[in-house]
Amino acid sequence: MLTSKGLYDRLLATYGPSEGWPGNRVTMMATAVMVQNTAWTAVVRAMERFPQELTAQYLLALPIEELMDYIRPCGFMRRKAETIQTVMAWYGRYDFDAAQVEAVPQERLRQELLALKGIGEETADVILLYAFHKPVFVLDAYTRRLLSRLGGTAQTDAERRVWFTAGVPEADKVYADYHWLLLEHGKRYCKKRPLCEECPLREACAQKIQEEKSS
DNA sequence: AGCCAGGGTCTAA
DNA sequence: TTAGACCATGGC
């Protein structure tokens with residue numbers, strides 16, 4: 001079976017280096033909430049509805065109904081509007097100063113984020129990685145699906161994390177690129193089974209594809 | 001026309 | 001502790 005490093009190299013060669021999560025830190029955190037169980041195109045449409053650039057202070061000062069209206073295209077607007085303000089209030093505990101946040105150990109930050117209503121493991125990890133440059137490997141629907149199709153036998157997220165991080169430099173830049181590459185790949189191929197014929201990873205997935213055909 | 005997106009929370013058993 | 005309902009909207 002393909003190794004994690006092999007997969008990373010293959011994806012990098014295919015799609016090139018990532019452009020990272022778009023927007024400044026605050027935009028990044030807000031869009032991380034907006035994209036929960038939502039297509040990225042909806043997030044883009046929501047961002048276009050805001051009358052100005054996002055800052056933490058602006059988002060905190062917005063009446064909740066107004067914030068809900070801006071993010072409407074993303075769905076789950078009641079919950080997400082509340083969560084966005086909750087995250088910004090959390091950022092306020094550090095005086096909206098990224099350097100202060102980054103000075104805190106990764107695991108403690110993770111616990112703080114997980115304690116916020118509306119922030120689960122994936123969103124917490126994405127914020128740690130892309131907003132505060134902590135070396136966290138992010139697991140999401142795409143990475144789980146792809147690992148399974150490669151023939152991975154990991155049953156839990158802990159096991160999946162071990163597989164993905166083995167043999168790969170433990171650096172936020174690498175994890176960020178890797179996560180982004182997995183998404184780029186997943187959006188193009190793994191969602192649509194017929195496209196497997198032209199997928200750059202088709203040999204690596206061959207066994208799984210065969211199993212599906214025969215069932 | 002229905003299915004599902006880069007999830008998370010709450011509740012019931 | 002785990003499965004299932006629910007949250008809302010838009011793209012395809």
Side-chain angles (χ1 to χ4, degrees), chain A residues 7-8 11 14-15 17-23 25 27-50 64-90 109-132 134 136-150 152 154-161 164-165 172 174-195 199 201:
Chain A
L7 172 61
Y8 175 78
L11 292 173
T14 305
Y15 303 110
S18 82
E19 298 169 11
W21 199 295
R25 237 175 280 267
T27 302
M28 186 277 142
M29 291 192 275
T31 52
V33 173
M34 291 183 216
V35 79
Q36 290 173 350
N37 199 41
T38 301
W40 183 257
T41 53
V43 176
V44 172
R45 294 184 55 255
M47 287 303 298
E48 289 169 348
R49 295 162 68 94
F50 282 93
I64 193 78
E65 294 79 12
E66 206 170 318
L67 182 53
M68 280 171 53
D69 190 50
Y70 293 144
I71 68 173
R72 176 179 300 278
C74 299
F76 307 109
M77 50 191 197
R78 213 179 314 265
R79 180 83 53 87
K80 285 176 177 177
E82 194 178 316
T83 303
I84 287 170
Q85 292 193 323
T86 300
V87 172
M88 295 309 149
W90 167 80
L109 283 182
R110 193 167 194 273
Q111 292 311 314
E112 286 185 9
L113 288 169
L114 287 175
L116 305 180
K117 188 171 178 183
I119 302 297
E121 301 207 0
E122 182 179 337
T123 310
D125 286 344
V126 154
I127 289 174
L128 289 175
L129 176 61
Y130 288 99
F132 300 109
K134 298 292 185 180
V136 182
F137 185 87
V138 178
L139 287 167
D140 58 21
Y142 284 131
T143 61
R144 294 190 190 94
R145 182 164 40 199
L146 179 56
L147 179 54
S148 162
R149 291 182 66 68
L150 289 172
Q155 298 292 313
T156 66
D157 280 350
E159 291 168 6
R160 293 184 183 97
R161 217 179 285 270
F164 275 108
T165 55
D172 70 285
V174 175
Y175 288 170
D177 271 342
Y178 201 174
H179 179 231
W180 199 266
L181 289 167
L182 287 163
L183 283 171
E184 284 300 310
H185 180 78
K187 282 193 253 192
R188 288 174 214 228
Y189 295 102
C190 294
K191 280 205 286 194
K192 302 276 184 183
R193 292 296 153 78
L195 287 181
C199 173
L201 298 176

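Letters A, B, ... mirror the listed sequences (proteins, then strands); counts begin at 1.
Side-chain atoms of E19(A) and W180(A), non-hydrogen and from C-beta on, never get closer than 4.5 Å to each other.
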Where protein sits on nucleotides 7-12 of chain C, one letter per nucleotide: B base, S sugar-phosphate only, - none, heavy atoms under 4.0 Å: BBSSS-
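We find that CZ of R144(A) is positioned 13 Å from P of dA5(B), with the value rounded to whole Å. One atom, CD of E122(A), and another, P of dT9(B), lie 12 Å apart when rounded to the nearest Å. At whole-Å resolution of the value, CG in L183(A) and C1' in dA5(B) are 12 Å apart. Atom CE in M34(A) sits about 14 Å away from atom C1' in dG6(B), given to the nearest Å. As rounded to whole Å, 9 Å separates atom P of dG8(B) from atom CG of L114(A). Atom pair R188(A):CZ and dA5(B):C1' shows a separation of 18 Å (rounding to whole Å applied). Atom C1' of nucleotide dC4(B) and atom CD of Q36(A) are separated by 16 Å, given to the nearest angstrom. If you take CD of E82(A) and C1' of dG8(B), they are 12 Å apart, rounded to a whole angstrom.
Out of dC10(B), dG8(B), dA5(B), the shortest distance to the side chain of T123(A) is found at dG8(B).
Straight-line distance between the P atoms of dC4(B) and dA5(C): roughly 14 Å, to the nearest whole Å. To the nearest whole angstrom, the two P atoms, one in dG8(B) and one in dG10(C), are 22 Å apart. Across the P atoms, dC3(B) and dC6(C) are found 16 Å apart, a figure rounded to whole Å.
Counting any heavy atom pair closer than 4.0 Å across all strands shown, L116(A) reaches sugar-phosphate atoms only and no base atom. In this structure, L182(A) reaches neither bases nor backbone, as no heavy-atom distance under 4.0 Å exists between it and the strands shown.
Of the possible polar contacts, one joining the T83(A) side chain to the R79(A) backbone as a donor-acceptor pair under 3.5 Å is found.
Between H179(A) and Y130(A), the ring planes are tilted. Angles from 30° to 60° get that label. Taking the six-membered ring for Trp and thresholds of 30 and 60 degrees, Y175(A) and F137(A) have ring planes more than 60 degrees apart, a perpendicular arrangement.
Note that the CZ atom of R145(A) and the CG atom of L147(A) stand 12.5 Å from one another [nearest 0.5 Å]. Expressed to the nearest 0.5 Å, how far CG of L201(A) lies from OH of Y189(A) amounts to 9.0 Å.
Each of E184(A), R188(A), H185(A) was compared with Y15(A) under the side-chain hydrogen bond (donor to acceptor under 3.5 Å, both in side chains) criterion, and only H185(A) meets it.
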